[in-house]
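Sequence lines set the chain letters: A, B, ... in the order given, protein chains first and strands last, and positions in each chain run from 1.
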There are 2 protein chains.
Amino acid sequence: MDHTRWLDDHEQETWRAFLTANRLLFERVERQLQNEARMPHAYYEILVRLSEAPDRTLRMSRLADTSLSSRSRLSHAVARLEQAGWVERTACETDRRGAWARLTDAGQAALEAAAPGHVETVRSVLFDALTPAQVTALNEISVALVDHLVDAPVWPAENDRDCPEAG
Amino acid sequence: MDHTRWLDDHEQETWRAFLTANRLLFERVERQLQNEARMPHAYYEILVRLSEAPDRTLRMSRLADTSLSSRSRLSHAVARLEQAGWVERTACETDRRGAWARLTDAGQAALEAAAPGHVETVRSVLFDALTPAQVTALNEISVALVDHLVDAPVWPAENDRDCPEAG
DNA sequence: TCACTATAGTTGAGCACTCAAGATCAGAGG
DNA sequence: CCTCTGATCTTGAGTGCTCAACTATAGTGA
């Protein structure tokens with residue numbers, strides 16, 4: 001009983017090209033940041049989200065959401081960033097379980113130092129390769145994917161543990 | 001002197017949507033394979049490449065290229081896959097530096113067991129979200145990116161160490 | 001007041017990856 | 001033959017991630 005909806009040739013080709021493009025692209029981005037700014041891309045994003053927040057401060061949980069990070073991952077990351085002197089954690093007074101993360105001046109400086117090289121890399125690996133129409137298409141495709149993936153069930157089949165409305 | 005070609009709003013939005021879509025998408029793919037087949041996506045790809053090769057056998061270096069893996073990464077990965085009994089390494093007789101990697105019957109079986117769930121996931125996270133026109137557009141965009149990134153200089157600026165023709 | 005449940009965040013173990021360095025061998029040139 | 005360059009593949013250390021388990025506090029309802 002093979003109900004699998006296999007990929008046809010066109011889909012297969014698309015998936016592999018998509019995979020390859022992604023690997024190559026993010027490898028470049030990651031390497032550039034690691035070499036010139038001594039931080040992985042995930043950390044860069046955390047610094048960006050903090051820099052955009054009022055008082056450069058966010059609750060850990062909000063920061064996790066906006067930087068597309070799991071709680072655990074963020075905890076580990078912020079521990080490292082704190083060690084580097086780029087972020088500070090302070091206790092939250094209204095909710096004593098919580099914690100604030102604040103971007104320090106040193107962190108802001110590190111971000112500003114890293115930004116030009118990073119942006120240049122993003123442009124050179126992505127936008128320089130595409131026509132304006134393709135950029136627009138990529139935008140629409142990405143938005144469609146995000147809409148489709150956000151809040152969608154993580155496990156299409158199986159794993160409907162204690163979710164009565166599943167299935 | 002700020003020559004940085006910053007991203008305009010449209011580019012910024014596109015980049016962030018692209019990033020978000022990628023994170024969400026590959027997180028699903030990775031999780032599904034890890035949970036249902038006990039292997040990361042990179043290992044799955046290695047098994048696929050081997051399964052498509054004559055005699056299910058490839059030189060390590062070719063396997064590294066086709067699976068978009070660094071030599072080091074492949075060495076570590078194949079060591080693990082060998083431990084699992086899914087791949088075998090044998091010495092190459094014509095080039096005694098080299099090594100062959102062969103997909104075992106157990107490896108083929110593991111791959112066949114993993115494939116339906118993986119393909120179903122790929123379909124559900126990617127193709128189900130897109131119109132046929134968008135799939136075609138994504139294909140063209142991906143191919144353009146791959147063409148642009150393959151054999152392009154890794155470090156646009158700097159790092160022209162011993163490459164006399166750089167610059 | 002007293003559970004009970006949910007939320008916020010951390011921690012440690014295990015694993016995959018990167019980087020740099022090394023061991024081994026092939027091929028080319030003197 | 002012998003050296004030199006380059007290719008093949010491996011190894012070990014360091015790092016960031018995931019997962020599961022944990023602590024601590026908030027909120028809810030009897």
Side-chain angles (χ1 to χ4, degrees), chain A residues 23 26-47 58-84 87-101 154-155 159 161-163, chain B residues 23 26-46 58-65 67-84 87-101 154-155 159 161-163:
Chain A
R23 289 278 166 82
F26 287 109
E27 195 183 321
R28 300 290 176 89
V29 170
E30 205 69 58
R31 275 243 259 273
Q32 182 275 329
L33 273 175
Q34 195 64 58
N35 276 273
E36 296 179 19
R38 302 290 152 192
M39 64 176 98
H41 187 225
Y43 289 15
Y44 180 87
E45 280 189 275
I46 290 171
L47 298 187
L58 278 177
R59 284 290 293 273
M60 289 293 282
S61 47
R62 277 228 161 284
L63 183 53
D65 293 343
T66 60
S67 62
L68 297 175
S69 187
S70 71
R71 303 281 162 96
S72 168
R73 180 172 164 182
L74 186 69
S75 261
H76 287 296
V78 168
R80 278 258 165 206
L81 291 171
E82 202 169 21
Q83 221 174 322
V87 171
E88 274 177 2
R89 265 182 299 197
T90 56
C92 176
E93 297 178 358
T94 63
D95 184 343
R96 288 163 62 186
R97 297 166 300 180
W100 294 101
V154 176
W155 305 115
N159 202 322
R161 315 168 260 210
D162 23 30
C163 305
Chain B
R23 289 278 166 83
F26 287 109
E27 196 183 321
R28 300 290 175 91
V29 170
E30 206 68 58
R31 276 242 258 272
Q32 182 275 329
L33 272 175
Q34 195 63 58
N35 276 274
E36 297 178 19
R38 303 291 153 189
M39 64 177 100
H41 187 225
Y43 288 16
Y44 181 87
E45 280 188 277
I46 291 171
L58 278 178
R59 284 289 296 273
M60 289 291 284
S61 48
R62 276 230 162 281
L63 183 53
D65 293 343
S67 62
L68 297 175
S69 187
S70 71
R71 303 284 163 96
S72 168
R73 180 170 163 184
L74 185 69
S75 261
H76 287 295
V78 168
R80 278 258 164 205
L81 291 171
E82 202 168 21
Q83 220 175 322
V87 171
E88 273 176 3
R89 264 183 299 197
T90 56
C92 175
E93 296 178 359
T94 63
D95 184 342
R96 288 163 62 187
R97 295 166 302 182
W100 294 101
V154 177
W155 305 114
N159 202 321
R161 315 170 259 211
D162 25 29
C163 305

| note | The side chain to side chain contact (heavy atoms under 4.5 Å, CB included) partners of A:Ala42 (sequence neighbours excluded) come to A:Arg73
| request: Can you measure from CG (B:Leu58) to CD1 (B:Ile46) and round to the nearest 0.5 angstrom? | output: 11.0 Å
| request: Identify, with sequence neighbours excluded, every residue that meets side chain to side chain contact (heavy atoms under 4.5 Å, CB included) alongside A:Glu27. | output: A:Arg31
| Interatomic distance where CZ belongs to B:Arg23 and P belongs to D:dC17 [whole Å] | 9 Å
| field | By salt bridge (Lys or Arg N to Asp or Glu O under 4.0 Å) - contacts of B:Arg23 (at least two apart) | value | A:Glu45
| message | Using a heavy-atom cut-off of 4.0 Å across all strands, would you classify B:Arg71 as base, sugar-phosphate, or nothing? | response | base
| query | Shortest non-hydrogen contact from B:Ala99 to B:Cys92? | reply | N-CB, 4.1 Å
| remark: Closest non-hydrogen contact found for B:Ser70 with B:Ala64 is O-CB, 4.3 Å
| note | side chain to side chain contact (heavy atoms under 4.5 Å, CB included) filter on B:Ser75, not counting sequence neighbours, yields B:Met60
| request: Please check the phosphate of D:dC19 (OP1 and OP2 only) for any side-chain N or O of B:Arg31 closer than 4.0 Å. | output: yes
| field | Phosphate OP1/OP2 of C:dT18: any B:Ser70 side-chain N/O under 4.0 Å | value | yes
| query | Given C:dT10, is OP1 or OP2 found less than 4.0 Å from the side-chain N or O atoms of A:Arg89? | reply | yes
| task | Please state whether the phosphate of D:dC9, meaning OP1 or OP2, lies under 4.0 angstrom from any side-chain nitrogen or oxygen of B:Arg59. | result | yes
Mind listing the N/O atom pairs, protein and nucleotides 2-6 of chain D, below 3.5 Å?
unit_1	atom_1	unit_2	atom_2	d
D:dG6	N2	B:Arg97	NH1	3.2

| query | If only side-chain N and O atoms of A:Arg73 are considered, is one of them under 4.0 Å from the OP1 or OP2 phosphate oxygen of C:dT10? | reply | no
| Toward the 5' end of DNA chain D, by each residue's nearest nucleotide, A:Arg96 or B:Asp95 | B:Asp95
| message | Can you measure B:Met60 atom CE to C:dT24 atom P for me and round it to whole angstrom units? | response | 18 Å
| message | What is the separation between atom CG on A:Leu63 and atom P on C:dG9, rounded to the nearest whole Å? | response | 10 Å
| said: Rounding to an integer number of Å, can you tell me how far B:Phe26 CZ sits from D:dC17 C1'? | reply: 17 Å
| task | Could you say whether B:Thr94 or A:Val78 is positioned toward the 5' end of DNA chain C, judged by the nucleotide with the nearest heavy atom to each? | result | A:Val78
| Nearest non-hydrogen partners of A:Leu63 and A:Ala101, listed with the distance | CD2-CB, 4.0 Å
| said: Return the CD to OH distance between B:Glu30 and B:Tyr44, rounded to the nearest 0.5 Å. | reply: 12.5 Å
| Rounded distance (Å) that lies between atom P of D:dT8 and atom CD of B:Glu93 | 19 Å
| field | For DNA chain C, the residues among residues 37-45 of chain A that have a non-hydrogen atom under 4.0 Å from it | value | none
| task | Starting at atom CG of B:Leu81, determine the distance to atom P of C:dC15, rounded to an integer number of angstrom. | result | 14 Å
| query | Between atom OH of B:Tyr43 and atom OG of B:Ser67, what is the distance when rounded to the nearest 0.5 Å? | reply | 11.5 Å
| said: Within this structure, what is the CZ-CG distance for the pair A:Arg59 and A:Asp65, rounded to the nearest 0.5 Å? | reply: 11.5 Å
| Qualifying side chain to side chain donor-acceptor pair (under 3.5 Å) pairs, either residue in residues 88-101 of chain B, two or more places apart | B:Glu82-B:Arg89, B:Glu88-B:Arg102, B:Asp95-B:Arg97
Just the atom pairs and distances: protein N or O near nucleotides 12-14 of chain C's N or O, under 3.5 Å.
unit_1	atom_1	unit_2	atom_2	d
C:dG12	O6	A:His76	NE2	2.8

| query | Can you check the B:Trp100 CH2 to D:dC9 C1' distance for me, whole Å? | reply | 14 Å
| said: Any base atoms under 4.0 Å from A:Ser75, or only sugar-phosphate, or nothing? Heavy atoms, all strands. | reply: base
| A:Gln34 CD to C:dC17 P, straight-line distance once rounded to whole Å | 16 Å
